[in-house]
Every structure is written in C-alpha cells, then in structure tokens.
Amino acid sequence: MANEDQFKKVISHAKEYGYVFQSSEIYDGLSAVYDYAQNGAELKKNIRDYWWKAMVQMNENIVGIDAAIFMHPTTWKASGHVDAFSDPLIDNKDSKKRYRADVLVEDYCAKIENKIEKEVKKAAKRFGDAFNKEEFVSTNGRVLGYQEKIDSILKRLGQSLEKEDLADVKALIEELEIADPLSGSRNWTEVKQFNLMFGTKLGASAESAMDLYLRPETAQGIFVNFLNVQKTGRMKIPFGIAQTGKAFRNEIVARQFIFRMREFEQMEMQFFIKPGTQKEWFEHWKDARLKWHKSLGMGDENYRFHDHEKLAHYADAATDIEFKFPFGFKELEGIHSRTDFDLKQHEEFSGKKLQYFDHEDNASYIPYVLETSIGLDRMFLAVFSNSLEDETLDDGSVRTVLKLPAVLAPTKAAVLPLIKRDGLPEIAREIIEDLKWDFNVIYDEKDAVGRRYRRQDAAGTPFCITVDHDTLNDNTVTIRHRDTMEQQRVKIEDLRAIIKKEVDVKHWLMKMK
Ligand code: GAP
C-alpha cells in the first residue's frame, strides 16, 4: 500500500474502531484538535503507564509530579519562550496558504531521501541475498551524491536559523525552487518568526485580569518545583523528576492527524546532574530511551537518531529519536542536554536560590539537566500505525488486524459464547466477572463467531475466548491468539495465567535489560 493510502487508512480505522475522533465533529471539527474515544483513551493510558513504570517505578532516583497547566507568566519570560519560542513561517501569495519554512526545506530533503530508498530497493532486488545495504549506501556514487545534497541543505538551513538569518532561509527555498505543495506556485512572502504560545487571561474582571500562557511544554513545571521536590524527597544528585500532562502550541501547520496538534500531551523527565557529567548522561539516556522503544517490538529498523544542527536556546546537545511513520522518518522523542540554563534563569527572575548542596563536595551548585521528552499522542500514532496490517491469509482472503503490543491493547480479551442459549452466555458472563478484576475484558455475542474474531482482530484485542457446548461438560474453552490465529483448548481456571503472561508489564519491560 502506498504510504499516503496507508496513512488515510490509519485515520479512518482510528475513527471506525473508536480510537480517535475529530474534536467537536458535529460542528465540522477544530483544526489539529482531536478527541480520544473509548478505545483510544485506554491505549493512551496504557502507553502513559508503560512510560511511567519504566521511568518512575523502575528507577529509585526518579519521582513523578503533576504540576498545573497555568503558571506564573514570569516563568515564560525566564525560560526564554516569550522571546524565542517561535517557528519561521512563510506564506504563499497565490494560494494564501501558510507554511513552516523549515518544514518546506525538510520535506524537500525527504523527497531526496525517498530517491535513496528507491536505489537501495533496486539494488537489493538486483543482488539478491548477496546484497549488503551498508556497503551499498557508503559506496554507490548516486546515493552518495543524494546524501551530500541533503547534508549540505540541512546544514545551511540549520546555520541560517541559528543566526536568525531568515532572508537566507527564503533564498534557500527559492534556490531549491520549492513550490507550494498544494498550488505549485513559487510566489513566496518573506520568512517571519511566529510565537507558538497561546495567551489567555486569569481573573474575574477585565481590569484586574492577568495575562497568562497555556504551557507550551511540561518541563517548566518541573524546573520551578526542583528544590521543593529535592528537599521534601531528600533526593541526591543524580536524580530525576518526571511528569505527564497537556501542552499547547499554536502550530503554524498542523495537517498530520495527531502527529502535530495544537493541544497535546507530553511525557517528560528532567534528570538533575553534576555539571561536567552531561556527556555521559546524554549517552546513558539515549541508550535507555531507545531500549524502551525497542522493548515494544515494533521493529528495530524503524528507529534512528537524528542529531540537531540547530540547538534550542537552552541546549548544548540534542538528538531526536525518529520513528518511521507512514509519511517517513519523523521525530518521536527529544533528548536534550539543557545545561543549567533553566534553573539559572529561574533563579535570576524569581530572586530565589535554586542550588543544590553537595555533601560529598561540600559545595553548592546549580545542577545541569538532561531531559527526555516524548509526545504521548505521537507515540500513540507510532504504535497505532505500525500495528495496522492488511494480512493475506493462506486461503487468499485478507484480514485487517491491529497487532498492538499486547501490553498496550485497550481490551485484553473478548469472551464469546458460541451461541446465545444453552447456558453458554451465562458461563461467558462468569468468566468476565472473574477476569475483569485483572484485565479489561468484553462480552460479544452478536454475529457468527468468525465475524466476531475479525471484529476483535481489527480492534486490536489480543485474545478471544470462546465458550461452546464442550465447556458445559469439561470446563474448558478455546482461546484464540490474535496475531497467529492459533487456537488452544484450555481450562477456564488457567485463563488468567495465560493472559497475564502476555500482557504483563514486567514481561515487556524486562526486554530493556
Ligand atoms: N521540553 C522539551 C520539548 O518540549 P520538543 O521537542 O519541543 O521539546 C518534545 O517536544 C516532544 O513533544 C516531541 O518530540 C514530540 O513528540 C512532542 N510534540 C511537540 N510538539 C507537538 C505537537 N504540536 N503535537 C504533538 N506532539 C508534539
């Protein structure tokens, strides 16, 4: 399936099976704002829990907090967001459409990257088993030429953005002859900076109202609480503070479903360290976070690191973990070495000391910070799009199956009486009553059992449990595995253990070791 078709299928499947709806759909929706439906809310919660367990529960020196979305407005002056949290925008004068100038250039490079992929596929076909991809991409003249072009374009873009040379960003767009993807026009305005923060007001009357911002990242709630947590938790450096919560950005272009939203959720962790140790902790967290992603079994080849050319105003090193979405490799998570920038700024703007007393060194200092920051919605899209498959079976028929990692699946098992009489529904209900203490389980008696299996495959349910007439005699049921379609006859009393083995968080997180 072409990538674009695959992406359309992801969006429609997410709606059809109760995962994601457009916000306020009855009023024709709101741009780049989405609601999570009955299954989506469960999947999102399971991803959040999987992250929280790996970061907070499994690490003695990391604790979690839940800070407010509203923060004192000076926070955003101190953090640099008022002055520097902006994206370069460009308008097309003919189509009147607005774009992110850097994204136009990046998309241009992605097209060159597609050419590289095509060359690789062609060569793989030509050489068969003898094909060595690494050797090919490092020696083939055409591929090297494409890669050189990408590197030089991205380098120039990074440097121009770093220097705030927006005229050069426009010049680059013109030199590359980048056209409006919708109209094909090359009639561009100048590039301008656009601040992404949403403003709002706090207070009962217009005169006394205070101007506030909706937080554009959750991280600042952690920084301003750093000393409170350190003291009340008696935390010793190195230690981390984690949090999950909503963030808001007035994105210039938000046309990729839940990939880029105006209201979204982040899962962030700030790791406070001794100055000078940031390089080793940067490597540590790069490794730990990649292992977390890989533990979900979504294909090691679907991840790669992308080091930043242009560093954010607070960072001395930064990399993205990119994932292969249906529209190509894109950022899923950021790992940033934020130095002591934020705490120093908050010290200066608040006038309060934000220092750590190190008993070993008998000295006070402002800690450095290593940050891991992942978008929950983006992770949802990665999991959902990677799991959706149209699988051709041995008999030539096609089944649509959502192969969600079992640990994340919204419903772990569906219990199906073969027919709606002879006492089978009652036994199915008894099984549900017993299993629901440990797992999300559902009852389904409508349609032939084969159709029910397919419905559960498409919804992502890892197990179907069928109660039939033999159950009445020997207390056994059939358990069907979603991915293999394998069926086993098992005792009702063994169901809990069979399901637990596959959905247990420990079983999955152990893969990080
Ligand atoms: N505190 C650092 C920070 O916010 P970021 O790279 O701007 O860094 C971190 O954002 C992560 O948040 C990204 O890797 C992405 O997964 C997610 N994210 C950022 N903007 C988003 C948006 N508009 N919609 C959905 N997710 C977003």
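Numbering of ligands and ligand atoms starts at 1, following listing order. Heavy atoms only: backbone and side chains are in, while hydrogens, waters and symmetry mates are out.
- The ligand atoms of ligand 1 that sit less than 4.0 angstrom from a heavy atom of Gly334 are 14 (O).
- Phe239 CZ: more than 12 foreign heavy atoms inside a 6.0 Å radius.
- A donor-acceptor contact closer than 3.5 angstrom links the side chains of Asp180 and Tyr99.
- For ligand 1 and Glu268, the ligand atoms under 4.0 Å from any heavy atom of the residue are 1 (N), 2 (C), 3 (C), 4 (O).
- When heavy-atom distances to ligand 1 are checked against a 4.0 Å cut-off, Leu332 comes that close only through its backbone atoms N, CA, C and O.
- Arg338 has a carboxylate O that lies under 4.0 Å from a charged side-chain N of Glu217, or vice versa, which qualifies the two as a salt bridge.
- Distances from atom 21 (C) of ligand 1 to the heavy atoms of Phe248, Phe264, Phe85, Phe380 show the closest one on Phe264.
- With ligand atoms numbered from 1 in the order given, ligand 1 contributes 24 (N), 25 (C), 26 (N) to contacts under 4.0 Å with heavy atoms of Phe259.
- The side chain to side chain donor-acceptor pair (under 3.5 Å) check on Asp300 picks up nothing, with sequence neighbours excluded.
- With Phe70 as the aromatic partner, Arg215 does not meet the cation-pi criteria of under 6.0 angstrom to the ring centre and within 45 degrees of the ring axis.
- Here is the list of ligand 1 atoms found below 4.0 Å of a heavy atom in Glu371: 1 (N), 2 (C).
- Polar contact with ligand 1: absent for Asp377 (N/O pair, distance under 3.5 Å).
- Interface atoms of ligand 1 facing Glu251, defined by a heavy-atom separation under 4.0 Å, are 20 (N), 22 (C), 23 (N).
- Under the rule for a salt bridge (charged side-chain N to carboxylate O under 4.0 Å, His left out), the partners of Glu265 that lie at least two apart in sequence or sit in another chain are Lys44, Arg48.
- Per-residue contacts place Glu333 under 4.0 angstrom from the following atoms of ligand 1 (heavy atoms of the residue considered): 14 (O).
- In terms of protein heavy-atom proximity, atom 12 (O) of ligand 1 is nearest to Gln266 NE2, 3.4 Å.
- In this structure, Lys286 forms a cation-pi arrangement with Phe305, its terminal cationic atom sitting closer than 6.0 Å to the ring centre and no more than 45° off the ring axis.
- Among all non-hydrogen protein atoms, the one lying nearest atom 9 (C) of ligand 1 is Ser373 OG, 3.0 Å.
- At least one heavy atom of His336 sits less than 4.0 Å from an atom of ligand 1.
- Ring planes of Phe323 and Phe325: perpendicular class, angle over 60° (limits at 30 and 60°).
- Every atom of ligand 1 with a heavy atom of Gly375 under 4.0 Å away is listed here by number and element: 11 (C), 12 (O), 15 (C), 16 (O), 17 (C).
- Across every non-hydrogen atom of Asn302 and Met298, the tightest pair is ND2-O, 2.8 Å.
- Residue contacts with ligand 1 for Arg262 are absent, since no atom lies close enough (heavy atoms, distance under 4.0 Å).
- The option with the heavy atom closest to atom 7 (O) of ligand 1, from among Glu217, Arg249, Glu322, is Arg249.
- No hydrogens or angles considered: a donor-acceptor pair under 3.5 Å links the side chains of His293 and Glu333.
- Residue contacts with ligand 1, taken as heavy atom pairs separated by less than 4.0 Å, involve Arg338 solely via side-chain atoms from C-beta onward.
- For Arg260, heavy-atom contacts with ligand 1 shorter than 4.0 Å involve the backbone as well as the side chain.
- The aromatic rings of Phe198 and Phe248 sit perpendicular, their planes meeting at an angle over 60°, well past the 30° parallel limit.
- Scanning the protein heavy atoms around atom 24 (N) of ligand 1, the nearest turns out to be Met261 N, 2.8 Å.
- At a 4.0 Å heavy-atom cut-off, ligand 1 does not touch Met379 at all.
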